S.K.: 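Dropping the structure in here first, questions after.
Model, not experiment: these values are computed from the prediction.
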Amino acid sequence: MKLIIGSDHGGKKLKDAIVNHLKNKQIDLEDIGPFDFESVDYPSYATEVGKRVSEGRADYGILCCGTGIGMSIAANKIHGIRASVVSDCFSAEATKAHNDSNVLCLGERVIGEGLALKIVDIWLATEFEGGERHARRLKKVAELESNY
């Protein structure tokens, strides 16, 4: 599994904690920054992470900002991206199992580091359930993406 991770300045501390956590687990991970606390625009990082996942250069992406919301809005504009803002363990599992999410968005100002790391672990460990019901719904989401 190959992951790509990015943030804006408001999510940098959380991103760095996740990077360290995943490197300790020896997960193949590329950190695209930022690497300091200068103000940056979240859409730039959401675009880069989303493009790489959409193009198959990474299996999954993780994005961090103050709330996770801006990152998810931007990432979901990219064809094939199913980005989810998650702030609890149940949603981390459900978004992967039911929605086959491929980008996880977390808010540094919303959740603590310990919970964030648990969410990342649950999300990465969860498999998409598949099945006709979920596939039918994801097909409808893809049609929305193509039609509008």
Side-chain angles (χ1 to χ4, degrees), residues 1-130 134-135 137-138 140-142 144-145 148:
M1 168 181 10
K2 173 147 174 97
L3 296 175
I4 185 161
I5 188 168
S7 72
D8 68 1
H9 54 283
K12 184 191 177 307
K13 283 184 190 175
L14 184 57
K15 175 191 65 92
D16 290 347
I18 294 168
V19 167
N20 289 333
H21 177 71
L22 294 177
K23 283 186 176 180
N24 286 336
K25 292 177 169 264
Q26 299 183 346
I27 292 177
D28 186 9
L29 174 71
E30 182 179 359
D31 179 355
I32 63 162
F35 302 106
D36 59 39
F37 290 97
E38 294 295 317
S39 181
V40 296
D41 297 332
Y42 65 85
S44 300
Y45 292 89
T47 299
E48 190 60 30
V49 167
K51 278 180 22 184
R52 291 192 196 191
V53 172
S54 179
E55 293 168 355
R57 293 188 282 157
D59 299 304
Y60 299 106
I62 299 174
L63 290 164
C64 302
C65 65
T67 63
I69 297 168
M71 287 293 198
S72 71
I73 290 170
N76 277 316
K77 301 297 183 195
I78 298 168
H79 186 79
I81 295 303
R82 293 173 304 281
S84 300
V85 180
V86 175
S87 58
D88 65 90
C89 295
F90 176 79
S91 297
E93 184 176 359
T95 193
K96 193 84 164 299
H98 297 179
N99 308 120
D100 198 19
S101 69
N102 51 14
V103 175
L104 177 66
C105 301
L106 300 167
E108 181 177 311
R109 297 174 187 149
V110 177
I111 58 175
E113 181 181 314
L115 177 56
L117 299 180
K118 190 177 286 191
I119 287 169
V120 167
D121 287 345
I122 290 168
W123 185 74
L124 290 174
T126 302
E127 296 290 328
F128 176 54
E129 288 179 2
H134 298 306
R137 293 170 183 161
L138 288 178
K140 288 182 177 186
V141 170
L144 285 171
E145 189 175 57
Y148 298 98

S.K.: Can a donor-acceptor pair be found, under 3.5 Å and without considering hydrogens, that links the side chain of Asp59 to the backbone of Lys2?
M.R.: yes

S.K.: Check whether any side-chain N or O of Asn102 sits under 3.5 Å from a backbone N or O of Arg82 as a donor-acceptor pair, and report yes or no.
M.R.: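 Yes.
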
S.K.: I'd like to know if the side chain of Asn20 reaches the main chain of Lys23, judged simply by a donor and an acceptor atom lying under 3.5 Å from each other, with no hydrogens or angles considered.
M.R.: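 No: the side chain of Asn20 does not pair with the backbone of Lys23.
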
S.K.: Quick one: does any side-chain atom of Thr47 pair with a main-chain N or O of Pro43 as donor and acceptor, under 3.5 Å?
M.R.: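 Between the backbone of Pro43 and the side chain of Thr47 there is a qualifying donor-acceptor contact (under 3.5 Å).
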
S.K.: Taking the side chain as C-beta and beyond, is there a heavy-atom pair between Leu115 and Cys89 under 4.5 Å?
M.R.: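 Sidechains of Cys89 and Leu115: in contact.
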
S.K.: Given side-chain contact (heavy atoms from CB on, under 4.5 Å), test Ile32 with Arg52 step by step and report yes or no.
M.R.: CA-CA 11 Å; Ile32 63 162; Arg52 291 192 196 191; 4.0 Å; yes

S.K.: Show the nearest heavy-atom pair for residues Asp8 and Tyr42, with the distance to one decimal.
M.R.: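 For Asp8 versus Tyr42, the nearest heavy atoms are OD2-CB, 3.7 Å.
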
S.K.: Does the Glu93 side chain pair with the main chain of Ile122, one donor and one acceptor, at a distance under 3.5 Å?
M.R.: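 Not a single qualifying donor-acceptor pair exists.
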
S.K.: So, for Ser54 and His79, which heavy atoms are closest and what is the spacing to 0.1 Å?
M.R.: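 It is OG-O, 2.7 Å.
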
S.K.: For Pro34 and Val40, work out which heavy atoms get closest and say how close.
M.R.: CG-CG2, 4.2 Å

S.K.: With rounding to the nearest 0.5 angstrom, report the CG to CZ distance, Asp100 to Phe128.
M.R.: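 Answer for the CG-CZ pair, Asp100 versus Phe128, is 5.0 Å.
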
S.K.: Quick one: CG on Leu29 to CD1 on Ile5, what's the gap to the nearest 0.5 Å?
M.R.: 6.0 Å

S.K.: Minimum heavy-atom separation for Ala75 to Ala46, with atom names?
M.R.: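 Heavy atoms of Ala75 and Ala46 come nearest at N-CB, 3.9 Å.
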
S.K.: Show the atom names and distances, to 0.1 Å, of all donor-acceptor pairs under 3.5 Å that link a side chain in residues 60-73 to residues at least two apart or in another chain.
M.R.:
residue, atom, partner, partner atom, Å
Thr67, OG1, Ile69, N, 3.1
Ser72, OG, Ile69, O, 2.8

S.K.: Can you find a heavy atom in the side chain of Leu124 that is under 4.5 Å from one in the side chain of Lys25?
M.R.: no

S.K.: Measure the shortest side-chain to side-chain distance between Ile18 and Leu117 over non-hydrogen atoms and say whether it is less than 4.5 angstrom.
M.R.: yes

S.K.: Just how far is it from atom CD of Glu113 to atom CG of Leu106, taken to the nearest 0.5 Å?
M.R.: 12.0 Å

S.K.: Take a 6.0 Å sphere around CZ of Phe90 and say whether it holds more than 12 heavy atoms from other residues, nucleotides or ligands.
M.R.: no

S.K.: Can you tell me how far the CD1 atom of Ile119 sits from the OG atom of Ser91, to the nearest 0.5 Å?
M.R.: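 So the CD1 of Ile119 and the OG of Ser91 are separated by 8.0 Å.
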
S.K.: Ignoring hydrogens and geometry, is there a side-chain-to-backbone donor-acceptor pair from Lys96 to Thr126 under 3.5 Å?
M.R.: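 Checking the backbone N and O of Thr126 against the side chain of Lys96, a donor-acceptor pair under 3.5 Å is found.
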
S.K.: Find the distance between OH (Tyr45) and NE2 (His9) and round it off to the nearest 0.5 Å.
M.R.: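 The distance works out to 10.5 Å.
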
S.K.: Please evaluate residues Ser44 and Asp41 with respect to the criterion side chain to side chain donor-acceptor pair (under 3.5 Å), reporting the C-alpha separation (whole Å), side-chain torsions for both, the decisive distance (0.1 Å), and the verdict.
M.R.: CA-CA 6 Å; Ser44 300; Asp41 297 332; 5.2 Å; no

S.K.: Does Asn99 use its side chain to pair, donor to acceptor, with the backbone of Ser101 at less than 3.5 Å?
M.R.: no

S.K.: In this structure, are over 12 heavy atoms from other groups packed under 6.0 Å from Arg137 atom CZ?
M.R.: yes

S.K.: Taking Glu30 first and then Arg57, would you say they form a salt bridge - that is, a charged N and a carboxylate O separated by under 4.0 Å?
M.R.: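 Looking at Glu30 and Arg57, the cut-off is not met.
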
S.K.: Rounded to the nearest 0.5 Å, what separates atom CG in Leu14 from atom CD1 in Ile111?
M.R.: 6.0 Å

